[in-house]
Student: 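First, the structure itself, so that you have it in front of you.
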Amino acid sequence: MRQTIAQTEERMNKETQSLKIQIETMESVIQQEVEKATELEHKAKMFNFGEFKAEDQEKMLGALNKKVGEVYRNCIGENEANITTLHMLTSIENRLEELFEQLDMMPVEKVEAAEKAKEKERRLYALEKKKEEERLLSEERARRALERARAEPKKQTGKKLVFRSEPPQAKKKQKETSDALDKEQEELQYYFS
């Protein structure tokens, strides 16, 4: 009887230990899930905090739809079937994949030549754009200078500026000494020649 009680106690202790371990693992899993839930809730609050009002979201979606429509027209053609923005994006992506496959099949030299031509075209466009910006900037500067020139001069208030006096002129000692030397040499030549 003592053996059965001991065996039963031992079995119950083992079961208790395994149940405690299961409880600990379940608590840790629950803690992880709670942390995930709070993180997701925080992200949801950040998104819906008021930064994105319904009107602003509609405006942004409208602008995005318009931009996707422009890209669709440039890449594929006119949107005759009036497909949604998501379908347009899918079509654009498929077209890009087709073009990349065609690009891989083309000879490398031809691709490099085309890339160089496009790069040259892009640089020329950037240079023209830069020149146009500089021209507009210089026109703006000239306009502001003209406005300043036409504006009434500002009346100065306060104490008038006093200019520094000129430094005193050096005396003409050198000239007198050189005159004296010239005279002395004249006399020496007169008497000794």
Student: Got a sec, which residues hit side chain to side chain contact (heavy atoms under 4.5 Å, CB included) with Arg2, two or more places apart in sequence or on another chain?
Tutor: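 Checked Arg2 against side chain to side chain contact (heavy atoms under 4.5 Å, CB included); zero matches.
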Student: Do other residues, nucleotides or ligands put more than 12 heavy atoms under 6.0 Å from Arg150 CZ?
Tutor: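 Incorrect, the count does not exceed 12.
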Student: Can you measure from CG (Leu89) to OG (Ser91) and round to the nearest 0.5 angstrom?
Tutor: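 Rounded to the nearest 0.5 Å, the CG-OG separation comes to 9.0 Å.
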Student: Show which side-chain atoms of residues 92-107 pair as donor or acceptor with protein atoms under 3.5 Å away, not counting sequence neighbours.
Tutor:
unit_1	atom_1	unit_2	atom_2	d
Asn94	ND2	Thr90	O	3.3

Student: Below 3.5 Å, can you tabulate the donor-acceptor pairs from side chains in residues 14-27 to any protein atom, sequence neighbours excluded?
Tutor:
unit_1	atom_1	unit_2	atom_2	d
Thr16	OG1	Met12	O	2.5
Ser18	OG	Lys14	O	3.4
Ser18	OG	Glu15	O	2.8
Thr25	OG1	Ile21	O	3.2
Thr25	OG1	Gln22	O	2.7

Student: The criterion is side chain to side chain contact (heavy atoms under 4.5 Å, CB included); which residues satisfy it with Glu187, sequence neighbours excluded?
Tutor: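 In terms of side chain to side chain contact (heavy atoms under 4.5 Å, CB included), with neighbours along the sequence ignored, Glu187 is linked to Tyr191.
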Student: Working to the nearest 0.5 Å, report the span between CD of Glu33 and OG of Ser28.
Tutor: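 So the CD of Glu33 and the OG of Ser28 are separated by 10.5 Å.
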Student: Can you list every side-chain hydrogen bond (donor to acceptor under 3.5 Å, both in side chains) pair that touches residues 108-121, not counting sequence neighbours?
Tutor: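 Counting only pairs at least two positions apart or across chains, the side-chain hydrogen bond (donor to acceptor under 3.5 Å, both in side chains) contacts touching residues 108-121 are Glu119-Arg122.
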Student: Below 4.5 Å, heavy atoms only, C-beta onward: do Glu35 and Glu39 meet side chain to side chain?
Tutor: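 Glu35 vs Glu39: side chains apart.
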Student: How does the hydrophobic cluster around Ile5 look, that is, which other residues are in it when side-chain heavy atoms under 4.5 Å mark a link?
Tutor: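 Met1, all in the cluster of Ile5.
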Student: CD/Gln3 to OG1/Thr8 distance, rounded to the nearest 0.5 angstrom?
Tutor: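 Rounded to the nearest 0.5 Å, the CD-OG1 separation comes out at 11.0 Å.
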Student: For Arg123, what residues pass the salt bridge (charged side-chain N to carboxylate O under 4.0 Å, His left out) criterion, not counting sequence neighbours?
Tutor: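 Listed in chain order: nothing, the list is empty.
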Student: Report whether Val71 and Ile76 are members of the same hydrophobic cluster (ILVMFWY, side-chain heavy atoms less than 4.5 Å apart, transitive linking).
Tutor: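 Val71 clusters together with Ile76.
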Student: Does this structure show an ion pair linking Arg144 with Glu147, if we count only N-O contacts that are shorter than 4.0 Å?
Tutor: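 Glu147 and Arg144: not salt-bridged.
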Student: Going by side chain to side chain donor-acceptor pair (under 3.5 Å), name the residues that satisfy it together with Arg141, two or more places apart in sequence or in a different chain.
Tutor: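 Checked Arg141 against side chain to side chain donor-acceptor pair (under 3.5 Å); zero matches.
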Student: Sorted by first residue and then second, give each side-chain hydrogen bond (donor to acceptor under 3.5 Å, both in side chains) pair with at least one member in residues 60-78; sequence neighbours left out.
Tutor: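 Residue pairs with at least one partner in residues 60-78: Asn65-Thr85.
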Student: Going by side chain to side chain contact (heavy atoms under 4.5 Å, CB included), name the residues that satisfy it together with Glu133, two or more places apart in sequence or in a different chain.
Tutor: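 If we apply the side chain to side chain contact (heavy atoms under 4.5 Å, CB included) test to Glu133, skipping adjacent residues, the hits are Lys129.
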Student: Using links of under 4.5 Å between side-chain heavy atoms of ILVMFWY residues, direct or through other members, which residues join Leu40 in one cluster?
Tutor: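 Taking Ile, Leu, Val, Met, Phe, Trp and Tyr as members, Leu40 stands alone, with no cluster partners.
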Student: Starting from Ile30, walk the hydrophobic network (Ile, Leu, Val, Met, Phe, Trp, Tyr; side-chain heavy atoms closer than 4.5 Å) and list everyone else you reach, by chain and number.
Tutor: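 Other cluster members: Val34.
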